[in-house]
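Computed from a predicted model, the values in this text were never measured in an experiment.
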Amino acid sequence: MSLRTRRSPRLTAATAGIVCAALLATGCNAAAKGGDSGEGGSGKAFTLVTPDPVAQNEFLKLAVTGVKAAAKAHGGSQKVFQSSDTDSRQQNVASAVDAAPDVVALVGFEFADIVAQQAEAHPKQQFLLVDACTKKAYENVTCAVFREHEAVYLAGAEAGLLTESGKVGAVDVLDTPQFRRYSEPFAAGAKRVDPKVSARTLFVGGQSPFNDAARAKDQAATLRSGGADQVMAAAAGGNTGVFQAAKGAKGGPGEGFQAYGVDANQCLGSPGVVVDNVLKKTDVAVEKGIAQILDGKGGTTVSYGLKEGGMSLTGLEPGVADSRCLIAKPANKDVLRRVEKLRDAIVAGKLTVDDPAA
């Protein structure tokens with residue numbers, strides 16, 4: 001599952017055969033200007049279609065990085081179509097298919113039905129659908145989904161090691177199995193390192209669950225009033241509300257709480273309150289997915305977790321010292337060491353994280 005901010009944001013949690021939700025974006029519509037392209041020789045051609053403008057959306061920017069890396073690796077060219085609404089998504093996919101590239105890559109559940117229609121109409125065109133999958137399997141559709149719960153579990157472990165009150169919480173979008181991938185594993189990770197920790201989840205809900213910063217802020221404040229000092233922000237576009245609540249609560253000793261972001265490094269926008277982030281590496285899924293298709297192994301669903309490098313934490317990545325995340329503080333080195341051991345155990349198959357969406 002993942003969070004991405006759009007005009008109608010998203011949060012996704014996908015497993016094979018599950019069409020998920022997602023969120024995070026701003027920017028300009030490339031449908032009108034025909035997309036952005038880069039030539040890399042006379043080899044293969046790849047087209048990426050995004051559900052929303054890329055702009056400063058780190059989640060979608062990673063997907064662009066992935067298609068560019070694929071073009072470079074295969075001596076080919078790449079083109080990016082940025083969408084802004086349902087109509088432009090359909091137009092961009094149609095334009096991409098008309099050009100007949102070797103692979104059309106798309107990010108987000110918004111494309112599931114569109115890809116299903118195009119796959120049936122154009123059986124020779126190869127599609128890569130990232131962070132979602134079609135309801136029906138197609139020989140020319142490859143799906144890349146993520147095991148978000150593994151990285152969320154690690155963030156929960158950080159929370160369990162850092163909590164002073166012994167209480168952690170999560171502000172989640174909706175009370176469904178897919179979205180609970182961002183709350184239940186967080187609680188489980190915290191209890192793994194400290195069985196005495198208690199956890200509580202509050203949901204945004206309402207008419208705009210993916211983009212209600214005010215409601216998310218209120219829910220975060222409620223968690224804090226109940227004693228939680230570590231809060232997972234899984235409110236999609238409403239995450240800004242959670243971070244605002246964290247800042248507003250820092251009026252004196254013991255009055256604040258610390259938060260955890262998703263998809264990209266959210267410490268940069270809210271320094272001083274975000275401990276770490278659950279990262280979803282769309283660049284890895286795009287580049288590896290394209291290579292898989294070119295290798296004749298398409299038409300399947302591949303799951304990316306900690307082992308495949310598709311999920312991680314900012315604190316476990318190179319450059320953490322410049323991340324502006326609280327986990328980068330020297331005092332938290334021991335916390336990271338313990339979390340690294342848990343990650344290694346998951347990668348080695350010695351520790352299994354329960355998937356609420358399974």
Side-chain angles (χ1 to χ4, degrees), residues 2 4 6 10 12 14 16 18-25 27 29-31 34-37 44-54 57 59-71 78-146 263 280-294 298-302 304 310:
S2 108
R4 184 186 74 211
R6 321 178 298 215
R10 69 129 179 162
T12 77
I18 295 179
V19 176
C20 310
L23 327 148
L24 216 111
N29 177 16
D36 307 311
S37 63
K44 304 294 184 179
F46 314 114
T47 299
L48 172 70
V49 186
T50 67
D52 304 295
V54 176
N57 180 344
F59 182 76
L60 296 179
K61 284 168 70 175
L62 282 176
V64 174
T65 298
V67 74
K68 288 182 177 179
Q78 54 79 26
K79 181 173 289 188
V80 178
F81 284 149
Q82 302 178 51
S83 312
S84 60
D85 53 28
T86 301
D87 288 342
S88 62
R89 289 174 200 134
Q90 293 176 336
Q91 293 169 6
N92 282 339
V93 175
S95 296
V97 172
D98 285 344
D102 291 273
V103 180
V104 175
L106 314 97
V107 181
F109 75 99
E110 297 93 335
F111 293 110
D113 291 340
I114 299 174
V115 168
Q117 295 169 358
Q118 291 286 351
E120 290 185 356
H122 304 277
K124 293 184 179 181
Q125 175 63 60
Q126 290 293 326
F127 296 90
L128 171 64
L129 183 55
V130 177
D131 207 20
C133 197
T134 53
K135 294 179 181 179
K136 176 183 175 182
Y138 297 92
E139 291 184 358
N140 58 332
V141 177
T142 301
C143 299
V145 297
F146 297 88
D263 282 357
K280 177 178 287 188
K281 298 186 176 182
T282 46
D283 56 336
V284 173
V286 170
E287 184 177 3
K288 288 189 175 181
I290 288 175
Q292 173 188 342
I293 292 171
L294 295 183
T300 62
T301 297
V302 179
Y304 291 89

| Distance, nearest 0.5 Å, that separates CD1 of I290 from CD of Q126 | 11.5 Å
| About how many Å separate OG1 of T50 and CG of L60, when rounded to the nearest 0.5 Å? | 5.5 Å
| Side chain of T301, backbone of C143: donor and acceptor closer than 3.5 Å? | no
| message | Quick check: closest heavy atoms across T282 and F59, and the distance to 0.1 Å? | response | OG1-O, 2.9 Å
| field | Sole residue of N92, V93, T134, L129 in side-chain contact (heavy atoms from CB on, under 4.5 Å) with I114 | value | V93
| said: Any side-chain to backbone donor/acceptor pair from Q125 onto P101? Under 3.5 Å, distance only. | reply: yes
| said: Please check this pair: side chain of D102 against backbone of A45, looking for a donor-acceptor N/O pair closer than 3.5 Å. | reply: yes
| Taking atom types as modelled and ignoring hydrogens, do the side chains of S83 and E110 form a donor-acceptor contact shorter than 3.5 angstrom? | no
| request: Would you indicate whether E139, at its atom CD, is surrounded by more than 12 heavy atoms from other residues, nucleotides or ligands within a distance under 6.0 Å? | output: no
| query | For the side chain of S84 and the backbone of D52, is there at least one donor-acceptor N/O pair under 3.5 Å apart? | reply | no
| query | How close do A144 and Y304 get, heavy atom to heavy atom, and via which atoms? | reply | CB-CE1, 3.7 Å
| said: Looking at V107, is its backbone amide N or carbonyl O close enough to the side chain of D131 to form a donor-acceptor pair, meaning the two atoms are under 3.5 Å apart? | reply: no
| Distance, nearest 0.5 Å, that separates CD of Q82 from CZ of R89 | 13.0 Å
| field | Candidate list V104, D113, V97, test side-chain contact (heavy atoms from CB on, under 4.5 Å), partner Q118, passing option | value | V97
| said: Looking at every non-hydrogen atom in both residues, tell me the closest pair between F109 and A132 and how far apart they are. | reply: CA-CB, 3.5 Å
